[in-house]
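Notes follow once the structure below has been shown.
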Amino acid sequence: MGKRVAIIGAGVSGLASIRSCLEEGLEPTCFEKSEDIGGLWKFSTLVSGINKHPDFSITGQWDVTTERNGKKESAIFDAVLICSGHHVYPNLPKESFPGLKLFKGKCFHSQEYKEPGIFKGKRVLVLGLGNSGCDIATELSHTAEQVMISSRSGSWVMSRVWDDGYPWDMLFITRFETFLKNNLPTAISDWWYIKQMNARFKHENYGLMPLNRALRKEPVFNDELPACILCGTLSIKPNVREFTETSAIFEDGTVFEAIDCVIFATGYSYDYPFLDESIIKSKNNEVILFKGIFPPKLEKPTMAVIGFVQSLGATIPTVDLQARWAVRVIKGTCTLPSVTDMMDDIDKKRGKKLKWFGTSKTVQTDYITYMDELASFIGAKPNIPWLFLTDPKLAVEVFFGPCSPYQFRLVGPGKWPGARNAILTQWDRTLKPTKTRAVGNPQKPCLLCRWVRLFVLPVLFIAVFFALI
Ligand SMILES: Cc1cc2nc3c(=O)[nH]c(=O)nc-3n(C[C@H](O)[C@H](O)[C@H](O)COP(=O)(O)OP(=O)(O)OC[C@H]3O[C@@H](n4cnc5c(N)ncnc54)[C@H](O)[C@@H]3O)c2cc1C
Ligand SMILES: NC(=O)c1ccc[n+]([C@@H]2O[C@H](COP(=O)([O-])OP(=O)(O)OC[C@H]3O[C@@H](n4cnc5c(N)ncnc54)[C@H](OP(=O)(O)O)[C@@H]3O)[C@@H](O)[C@H]2O)c1
């Protein structure tokens, strides 16, 4: 019989973990505290404690305590995969806003927002320019009397619909872009990044420009927001300096009067209340995990956290690769580096993350670099130079095209025979559902055009310069 693995949470991370366990012959048991996940299952089992079994240093086993219908139970597991998510506990920084205690209107976190109807005719202030704040504010702009978003540091706001109508990430998250970002001088790569983020509209003109423009913090994806600002149904304001009983005074001295409701779209804090802090929280109250997955100082590598990273790429392929690796480590077919090497790697990565993403986003990571790292641990990383020699057609798609999850099913364990064809047909398949009225042939975007444009201009200038002297 395979090792018994406890999986905490039945979101996408939990489901990826169940699948990886089954693929590797382990025996998963999933615990989920919600009653009903997408109408699929009835769960309602809270994991209230995970403790090392008394002989942990020999067996690596865990005592997992659960609560269901008020009844506590305990069971021993050979390993634990924590898939409890990091958008669970609202961050409500009320102390950051002087005078908030005086405010007489309603005040709640975006997690409690359910529907726009009850805001008809109301004056609403949304705090925070993340995806939650923008989704809520644009929705409310159709019903509320007036909506304002207050932003502390601005955000890049991207359209989901990019060149030739393809999704933004298909054109933006490519191996070629990543290669250039990692190899061009910082000044050029920052300049190009800012230029691309401003491609649809100039963020200064809409009051959205991030204070630190070159930080690669998570953009907001919202096609409606710029249009709402342009039409005047929504305004962007700086951070709130002070609240009064009925209004908010912003840092620029302007005032939003007669506010009915303040919505804190201020994100989430992470917490693992079922786990002893010493296991994964050790430095400046930060979660310290090797590759965002493994607590580095355990005597036995029988615990992994799946889904505790934030990248520009899609969540599902990320947690899928994390689970594939974690399950192999638990099974013993992959081994982890020494504690010292893992701690060194954590420190090195932390420095890089601060540089690229800033202080508040240390769970953020690069997508392709991270995926390649994970894939290389299990032998599923595509060998690009070899691919160019053996299958150039596929290599061009893999290097210049979107980094779709099939790339990590081309080789190694979990290899899928359909992966090559899936990559070669991804452009057509993306537009299939949108072409419900046939008019002309679909255009595949030119993968190199943007970069050719970038380099052609300087080359032209140099050529003209030399021609003139
Ligand atoms: C409003 C909103 C919109 C989002 N939209 C997108 C999007 O469009 N695309 C995207 O990629 N990401 C989106 N995200 C991020 C999204 O949360 C993650 O991509 C995804 O849900 C992560 O899945 P997960 O399984 O890791 O965590 P979750 O989906 O949070 O699942 C964790 C599960 O663990 C359970 N759990 C927690 N603690 C316990 C416990 N002690 N015992 C038992 N069960 C427990 C929870 O009930 C939950 O069901 C969004 C987030 C928010 C807040
Ligand atoms: N449609 C979607 O795809 C969708 C929808 C909702 C959420 N999500 C995802 O869910 C995750 C959470 O999103 P989120 O928008 O809830 O949170 P978030 O991305 O963490 O954004 C939080 C916002 O609140 C601000 N903030 C935090 N603390 C503050 C303080 N003390 N004072 C002033 N401002 C403060 C932040 O400003 P700073 O930038 O200055 O820190 C930021 O603008 C993200 O990964 C997001 O992509 C996705």
Side-chain angles (χ1 to χ4, degrees), residues 6-18 30-38 41 43-50 64-68 81-97 100 109-111 113 126-139 149-158 160 169 208 210-212 215 217-224 236 238-240 251 263-275 305-320 322-323 357-361 363-364:
I7 294 174
I8 323 304
V12 291
S13 301
L15 298 187
S17 300
I18 295 173
C30 185
F31 300 105
E32 168 57 54
K33 68 176 179 178
S34 305
E35 274 202 0
D36 191 340
I37 295 267
W41 296 295
F43 278 96
S44 197
T45 305
L46 173 82
V47 172
S48 55
I50 301 177
V64 176
T65 309
T66 56
E67 289 177 26
R68 190 183 169 86
L81 292 174
I82 298 173
C83 307
S84 52
H86 60 104
H87 299 126
V88 179
Y89 304 99
N91 171 38
L92 257 174
K94 290 190 172 175
E95 68 296 340
S96 305
F97 299 98
L100 191 66
H109 189 265
S110 58
Q111 198 184 49
Y113 174 87
V126 177
L127 299 176
L129 190 66
N131 276 299
S132 298
C134 293
D135 278 356
I136 292 172
T138 49
E139 187 165 87
I149 301 179
S150 155
S151 171
R152 175 171 66 176
S153 56
S155 286
W156 293 114
V157 178
M158 293 293 104
R160 290 183 171 90
D169 56 347
L208 294 165
L211 291 182
N212 187 339
L215 271 190
K217 76 175 196 180
E218 189 189 11
V220 166
F221 289 93
N222 197 305
D223 293 83
E224 216 187 334
I236 306 294
N239 207 11
V240 175
E251 280 175 350
I263 303 177
F264 275 75
T266 40
Y268 294 82
S269 349
Y270 41 78
D271 197 9
Y272 296 97
F274 43 80
L275 203 59
V305 183
I306 307 298
F308 189 67
V309 290
Q310 183 96 46
S311 80
L312 270 190
T315 304
I316 294 174
T318 312
V319 298
D320 179 51
Q322 288 186 325
F357 307 114
T359 45
S360 65
K361 295 282 175 185
V363 291
Q364 208 167 328

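Counting starts at 1 for both ligands and their atoms, following the listed order. Side chains included, hydrogens not; waters and symmetry mates left out as well; all remaining heavy atoms used. Remember, predicted model here, so these are calculated numbers, not experimental data.
By the 4.0 Å heavy-atom criterion, Arg160 is counted among the residues contacting ligand 2. The shell of residues lying under 4.0 angstrom from ligand 2, judged by heavy atoms, includes Asp135. Using a 4.0 angstrom heavy-atom cutoff, Leu15 does not count as in contact with ligand 1. Within the 4.0 Å heavy-atom shell around ligand 2 one does not find Phe264. At a 4.0 Å cut-off, not a single heavy atom of Ala314 sits close enough to ligand 1 to count as contact. Using a 4.0 angstrom heavy-atom cutoff, Phe308 does not count as in contact with ligand 1.
Rounded to the nearest 0.5 Å, atoms CG (Asn222) and CE (Met158) are 11.5 Å apart.
Remark: ligand 2 atoms within the under-4.0 Å shell around heavy atoms of Ser153 are 38 (P), 39 (O), 40 (O). Those atoms of ligand 1 that come under 4.0 Å of a heavy atom in Gly9, given as number and element, are 33 (C), 34 (O), 35 (C). Residue contact check: Ser84 has heavy atoms under 4.0 Å from atoms 32 (C), 34 (O), 37 (C), 38 (N) of ligand 1. Residue contact check: Phe274 has heavy atoms under 4.0 Å from atoms 41 (N) of ligand 1. Of all atoms in ligand 1, listed by their number and element, those nearer than 4.0 Å to a heavy atom of Phe31 are 43 (C), 44 (N). When each atom of ligand 1 is checked for a heavy atom of Tyr268 under 4.0 Å away, the hits are 53 (C).
Each of Ile82, Thr65, Val64 was scored for a side chain to side chain contact (heavy atoms under 4.5 Å, CB included) with Phe274, with one residue passing: Ile82.
Of the N or O atoms in Thr315, one or more lie within a sub-3.5 Å distance of an N or O in ligand 1. For Ser96, a nitrogen or oxygen atom sits less than 3.5 Å from a nitrogen or oxygen atom of ligand 2, counting backbone and side chain alike. Between Gly154 and ligand 2, not a single N/O pair is under 3.5 Å apart. Close N/O approach between Ser34 and ligand 1 is found [any backbone or side-chain N/O within under 3.5 Å]. Taking any N or O of Leu129, backbone or side chain, at least one lies under 3.5 Å from an N or O belonging to ligand 2.
Counting heavy atoms closer than 4.0 Å to ligand 1, residue His87 contributes side-chain atoms (C-beta onward) but none from N, CA, C or O. With a 4.0 Å heavy-atom cut-off, ligand 1 is reached by the backbone of Thr45 but not by any atom from C-beta on. In Cys83, the part holding a heavy atom less than 4.0 Å from any atom of ligand 1 is the backbone.
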- Query: Hey, mind stepping through Ser150 and Asn239 against side-chain contact (heavy atoms from CB on, under 4.5 Å) and telling me if it holds?
  - Reply: CA-CA 5 Å; Ser150 155; Asn239 207 11; 4.0 Å; yes
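With atom 21 (O) of ligand 2 as the reference point, the heavy atom nearest to it among Cys134, Gly130, Pro90 is part of Gly130. Closest heavy-atom approach to atom 39 (O) of ligand 2 among the candidates Lys217, Glu95, Lys94: Lys217. Among His109, Gln111, His86, Arg152, the residue whose heavy atom sits closest to atom 28 (N) of ligand 2 is Arg152. Checking Ser110, Gly128, Gly133, Ser132 against atom 16 (O) of ligand 2, the nearest heavy atom belongs to Ser132.
Side chain of Thr66 to backbone of Leu46: no donor-acceptor contact under 3.5 angstrom is found. With Glu32 contributing its side chain and Ala10 its backbone, the two residues share a donor-acceptor pair below 3.5 Å.
Within the 4.5 Å cutoff, side-chain heavy atoms of His109 are placed close to those of Tyr268.
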